[in-house]
Each structure stands twice: as structure tokens, then as C-alpha cells.
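The structure under discussion appears below in the form of C-alpha cells.
Read the numbers this way: they start at 1 and go in the same order the structure lists the ligands and their atoms.
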Amino acid sequence: MEKKYNEILSIVQKELSCSAHDIDHILRVYNLCSYLSKYEENVDEEVLSLAALLHDIARAKEDSDSTRTIKHEVLGSIMAEKILKDKGYSEEKIQKIKHCILCHRFRSGNEPKTIEGKILFDADKLDAIGAVGIARAYMLAGEFGQSIYLDMSPEEYKSKNIMENGIINDFSKHTVNMEYELKLKNVGKKLHTKKAKEMAEERLKFMNEFFNALKRDIFK
Ligand SMILES: [Fe+2]
Ligand SMILES: [Fe+2]
């Protein structure tokens, strides 16, 4: 990583707490962004790198918010603006970085309009699938006391534990295989860049094999 980004990274590190959105996630997304950008044209590497480093800065604040009103992509873009202003970045760069952060979330419905926003979105989603996605999801499952598998149809599960706005009602009753069935399985269709789509196909194939094997091992 470029030296000039280390100060920003240490500011971000102080704000993180959750194991699945820790500094390792930030660094994997940063590296994935840099890899995906090689397959695209006219990428502003500075905008992309800073957006990758700052994208989850408000995640811990959202996770610890008992009112469940904080959206980390919205608060994160505001926090990022302040940090970048203090560091002397131009208004133009700051607005571009804010757009990437605002649009990085799967659930938010804000579509990224710039190539940097699209790459960040794709990199962040790639880190939620495949072997690393499974590992991260089980880290969270352990924190919240979830079971390792729930043998239920996704429809029945939805009626029992997903609220109308799509938010999980009781996180302790959620499971990694339901997260896969309801959300992660469809991630590939939401991606923007060709290279990320190829990588997603491979990673989702592995996830499918994993959950089949898990079910087989539990119920045979
Ligand atoms: Fe995020
Ligand atoms: Fe993220």
C-alpha cells in the first residue's frame, strides 16, 4: 500500500470493531479494487484507493446503534468527507469518493454511477462470497450464537425472521446458509465489472458445494 494512505488507514482502524468488517476486510477490498482496476479503463486510482480504505468506517457505529437507524454508507460518507478535507483533498475528489462509499452497499439500492464506485461495490461483494465469505460469515455467526445450519426453506425462514423492510429480526436465529440462500447466491447478478463477475462465478460455485457438503454431513 502507498505510504500516503497509512495515516488514513490508522484513522479507519480505530473506528472498526466487528470481526467480519475488520482491518483485514478493508485490506482485502483495497487489494481487490487494485486488481479489478487493471481490467478497466480510466480509473482514478486515488479515488478508488481512498474509497476502499474508508468505505466501512461507520460500520461499527451502525452495528452498535440500538435504534437501528444508522446506515453506515451514509454516515461513512460524511465521516470520510471530514477526514479527506482535513487531509487537503480537493472537493472534486471528495465528492467522487463519497459517491463510492454511498453506493457500496448491497441493500441500499443506490447504484454506483462511476467506474470507481462500480469497482468498490464489486470488490466488497467478492469479499462476502467464496471461501473468505464463508469464513467471515461464520465469524459473525459465532459472535451472535447462531447455529451452523438451518434446514428450512428460504420462504418459510423469510416469513419467520425477515421483517418487511428486509432487515433480519433476530440475528441469533439467522444462519450462514440462509444468508447464502437469500442474499449471497444472487450477488453475481448485481456485479458491474466483467472480471468480478468471472471471479464471483467461481466463488459461488464453491459456496454451493460447501453448503451441499455441510447438509450431507449433518443429515446422513
Ligand atoms: Fe459496508
Ligand atoms: Fe465492506
Side-chain angles (χ1 to χ4, degrees), residues 1 5 8-37 47-65 68-84 96-114 116-141 143-144 165-168 171 174 176 179-180 182-184 186-188 190-193 196 199-200 203-204 207:
M1 182 188 299
Y5 298 143
I8 302 245
L9 188 64
S10 58
I11 296 171
V12 171
Q13 192 157 15
K14 288 191 194 100
E15 294 287 340
L16 303 170
S17 67
C18 151
S19 61
H21 295 93
D22 59 1
I23 199 72
D24 293 339
H25 165 67
I26 303 302
L27 292 173
R28 283 193 304 271
V29 170
Y30 176 89
N31 288 330
L32 271 169
C33 280
S34 139
Y35 178 71
L36 292 174
S37 73
V47 165
L48 181 59
S49 300
L50 289 164
L53 294 178
L54 289 158
H55 81 278
D56 275 337
I57 190 166
R59 182 74 211 203
K61 287 193 165 62
E62 174 177 324
D63 290 342
S64 62
D65 170 34
R68 299 179 92 173
T69 53
I70 290 180
K71 291 180 174 168
H72 77 274
E73 69 280 20
V74 178
L75 180 59
S77 72
I78 296 165
M79 290 169 77
E81 180 169 25
K82 194 183 173 314
I83 293 163
L84 294 164
K96 284 183 177 170
I97 294 162
K98 279 183 76 179
H99 173 74
C100 298
I101 297 172
L102 261 175
C103 302
H104 85 272
R105 194 177 203 180
F106 193 70
R107 290 187 175 103
S108 78
N110 296 322
E111 284 284 315
K113 300 216 170 23
T114 60
E116 297 83 13
K118 288 174 183 174
I119 293 174
L120 175 63
F121 181 95
D122 288 5
D124 193 46
K125 286 348 122 210
L126 283 174
D127 202 56
I129 58 175
V132 76
I134 294 171
R136 287 179 71 206
Y138 277 107
M139 283 170 98
L140 269 182
E143 275 178 40
F144 288 91
N165 55 8
I167 291 176
I168 298 159
F171 208 66
H174 195 51
V176 179
E179 183 73 2
Y180 171 70
L182 297 177
K183 181 179 151 191
L184 300 176
N186 302 312
V187 153
K190 302 262 178 188
L191 301 182
H192 305 275
T193 66
M199 291 170 75
R203 290 183 181 209
L204 289 169
M207 283 185 105

So do His55 and His25 actually touch side chain to side chain, heavy atoms under 4.5 Å?
-> yes
Looking at side-chain heavy atoms only, is the closest gap between Arg28 and Arg136 below 4.5 Å?
-> yes
State the count of protein N/O/S atoms located less than 2.8 Å away from the Fe ion (ligand 2).
-> 4
Would you tell me whether His104 and His72 have side-chain atoms, one donor and one acceptor, within less than 3.5 Å of each other?
-> yes
Are His192 and Phe121 close enough that their ring centres sit under 6.0 Å apart?
-> yes
Who are the side-chain hydrogen bond (donor to acceptor under 3.5 Å, both in side chains) partners of Asn110, not counting sequence neighbours?
-> none
Any donor-acceptor pair under 3.5 Å linking the side chain of Asp65 with the backbone of Lys61?
-> no
